[in-house]
Amino acid sequence: MQTREFFVSAPGKVILHGEHSVVHGKVALAVSLNLRTHLRLQSTSSGDVRINLPNIDTFLSWEITALQPLLAGCGEQDGLKELDGDLLKRLREFTGISDDSTDTRSMAVLAFLYMYLTVFAKSLASITVSVWSELPTGAGLGSSAAYNVCLSAALLSARGAISSPLTPQQESARWSKEEMELINRWAFMGEKIIHGNPSGVDNAVGTWGGFLRYHAGNITPLSWVPILRILLTNTKVPRSTKVLVSGVKDKINKFPSIMNPILESVSAVSCTCEKTLTEMAVHGPSPEHYNILEELIDINQHHLNVMGVGHSSLDTLCRVTLARGLHSKLTGAGGGGCGITLLRPETDTSVIQSTIDELKACGFDCWETSIGAPGVQQHSSAALSQDILKILNSY
Ligand SMILES: Nc1ncnc2c1ncn2[C@@H]1O[C@H](COP(=O)(O)OP(=O)(O)OP(=O)(O)O)[C@@H](O)[C@H]1O
Ligand SMILES: C[C@@](O)(CCO)CC(=O)[O-]
Ligand SMILES: [Mg+2]
């Protein structure tokens, strides 16, 4: 391993339409956010693997000699579709993390150790990894995917399984298509550990960035999309994607003839939204286009409530925004977390400000966001803000 120091970042995401249905093979539309997770990897000579996760107050290290026996009997790891269940079991025993744990720290540690051991299976390297995110953790903005994509890109590059694309003249660089596919596949393993049964949409956005249509593992970048203005609200109600995804599965199993048409309808909402966005980009947006987008938001929010992933805080968001003619839905797994509100081009600044003020008075965080940020990148230290460098370099 030649890397002495390595910086990467990956964006969070918002799902416009298709959360939960996408887990069951339906269409979703998602776009990257301008909020990113940053990672610094250093090679060391301590004989330890160290992880610093200041967002979740977790700072741990393990001796490589203690981790080595966990790999006994493991075959060649290539980041393919299935998790190595035996390795995961040994890791759970080693860390004392139970099967049903959804604890924030436990999930982050398990995903890290699993990826580290499988990527470096041939020769465990002495490294320190520090991760810090601008994204709220566990709020529906793809924090787990951004974390897993950063880990995957940094570990695979440090191992030499993919290149380090940054040249001395560059501040930021991206990997080749084939390398990004490998990053995405390995990040999906981390998502499986944190989510249980992820669709893969979140790690796809974290890897590729931009606006994507995701359907049964097929990723299609949408090049024809208008500029959309979106208000993001974090209700700050904690929830776990794993628990919510499994609750929806239970409901589908219990009432298949009731729930399957709902999933189908959400898929149709995604497709109608995609068609409308394309028309807006090609012919220019009209008020009628916005009426359609707003109706689709309302329909989908009702469907998500039927799936059981709503929350009274999200009802409050919908009510407060609708009082000013604005339409909202949850984004991500729901159950609290974040919601999106579509702003029309003609929406008055004073209306936006009073909406933000009222939502803040409810105890929520609320801000206008910018979407379509680039996917995973390697950076020179010069590309990073002093604030981010200070945090990542303080360990
Ligand atoms: N900055 C971070 N540092 C360490 N762990 C993180 C970080 N961000 C996310 N995680 C891990 O991801 C988990 C949150 O994942 P979860 O899927 O529940 O929420 P999310 O990804 O924010 O939302 P969604 O999946 O709905 O978009 C945390 O419990 C933690 O284990
Ligand atoms: C709820 C879900 O659809 C989106 C979470 O951001 C889960 C997934 O797709 O893996
Ligand atoms: Mg997640």
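Note that ligands are numbered from 1 as they come in the structure, with each ligand's atoms numbered from 1 the same way. Note that the structure is predicted; figures quoted are calculated from it, not measured. Residue numbers start at 1 and run along the sequence shown.
Protein atoms that are N, O or S and lie under 2.8 Å from the Mg ion (ligand 3) are these: Ser144 OG, His195 NE2.
Under the 4.0 angstrom criterion for non-hydrogen atoms, Lys13 is in contact with ligand 2.
Between the side chains of Ser98 and Asp100, at least one donor N or O sits under 3.5 Å from an acceptor N or O. Using modelled atom types and a 3.5 Å distance limit, the side chains of Thr128 and Thr44 yield no donor-acceptor pair. Glu264 and Ser267 share no side-chain donor-acceptor pair at under 3.5 Å. With hydrogens and angles left out, the side-chain atoms of Gln353 and Ser350 include no donor and acceptor closer than 3.5 Å. Under 3.5 Å, the side chains of His303 and Ser265 contain a donor-acceptor pair of N or O atoms. Side-chain contact check for Glu191 and Ser144: at least one donor-acceptor pair (N or O, by modelled atom type) lies under 3.5 Å. A donor-acceptor contact closer than 3.5 angstrom is absent between the side chains of Asn203 and Asn148.
Atom 4 (C) of ligand 2 has as its closest protein heavy atom Ile15 CD1, 3.6 Å. Protein heavy atom nearest atom 9 (O) of ligand 2, with residue, atom name and distance: Ser199 OG, 2.6 Å.
Checked against a 3.5 angstrom limit, the closest N/O atoms of Thr241 and ligand 2 fall outside it. Residue contacts with ligand 2: Glu19 is placed with no nitrogen or oxygen under 3.5 Å of a nitrogen or oxygen of the ligand (distance criterion only).
Atoms of ligand 2 found under 4.0 Å from any heavy atom of Val201, numbered from 1 in the order shown, are 9 (O). When each atom of ligand 2 is checked for a heavy atom of Pro198 under 4.0 Å away, the hits are 10 (O).
Relative ring orientation between His379 and His38 is described as tilted, the plane-to-plane angle lying within the 30° to 60° band. Taking the six-membered ring where tryptophan is involved, the planes of Tyr116 and Phe120 are tilted, since the angle between them lies from 30° to 60°.
The side chain to side chain contact (heavy atoms under 4.5 Å, CB included) test with Glu279 singles out one residue from Glu288, Glu274, His289, and that residue is His289.
Side-chain contact between Tyr114 and Met189 is present, with at least one heavy-atom pair separated by less than 4.5 Å.
Counting heavy atoms under 4.0 Å from ligand 2, residue Leu244 does not touch it at all.
Across all their heavy atoms, Asn393 and Glu5 have their closest contact at OD1-OE2, 4.3 Å.
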List the steps, then state whether salt bridge (charged side-chain N to carboxylate O under 4.0 Å, His left out) holds for Arg344 with Glu294. CA-CA 10 Å; Arg344 298 175 75 114; Glu294 288 173 347; 2.9 Å; yes
May I have the N/O to N/O pairs between ligand 1 and the protein that fall below 3.5 Å, each with atom names and distance to one decimal?
from	atom 1	to	atom 2	distance (Å)
ligand 1	1 (N)	Asn55	OD1	3.2
ligand 1	17 (O)	Ser144	OG	3.1
ligand 1	17 (O)	His195	NE2	2.7
ligand 1	17 (O)	Thr241	OG1	3.0
ligand 1	18 (O)	Thr241	N	3.3
ligand 1	18 (O)	Thr241	OG1	3.2
ligand 1	21 (O)	Ser143	N	3.1
ligand 1	21 (O)	Ser144	N	2.9
ligand 1	21 (O)	Ser144	OG	3.0
ligand 1	22 (O)	Gly138	N	3.0
ligand 1	22 (O)	Ala139	N	3.2
ligand 1	22 (O)	Ser143	N	3.2
ligand 1	22 (O)	Ser143	OG	2.7
ligand 1	23 (O)	Gly140	N	3.1
ligand 1	23 (O)	Arg239	NH2	3.3
ligand 1	25 (O)	His195	NE2	3.2
ligand 1	25 (O)	Thr241	OG1	3.0
ligand 1	26 (O)	Arg239	NH2	2.6
ligand 1	26 (O)	Thr241	OG1	3.2
ligand 1	26 (O)	Ala333	N	3.1
ligand 1	27 (O)	Lys13	NZ	2.6
ligand 1	27 (O)	Gly140	O	3.3
ligand 1	27 (O)	Gly142	N	2.8
ligand 1	31 (O)	Thr104	O	2.7
ligand 1	31 (O)	Ala108	N	3.2

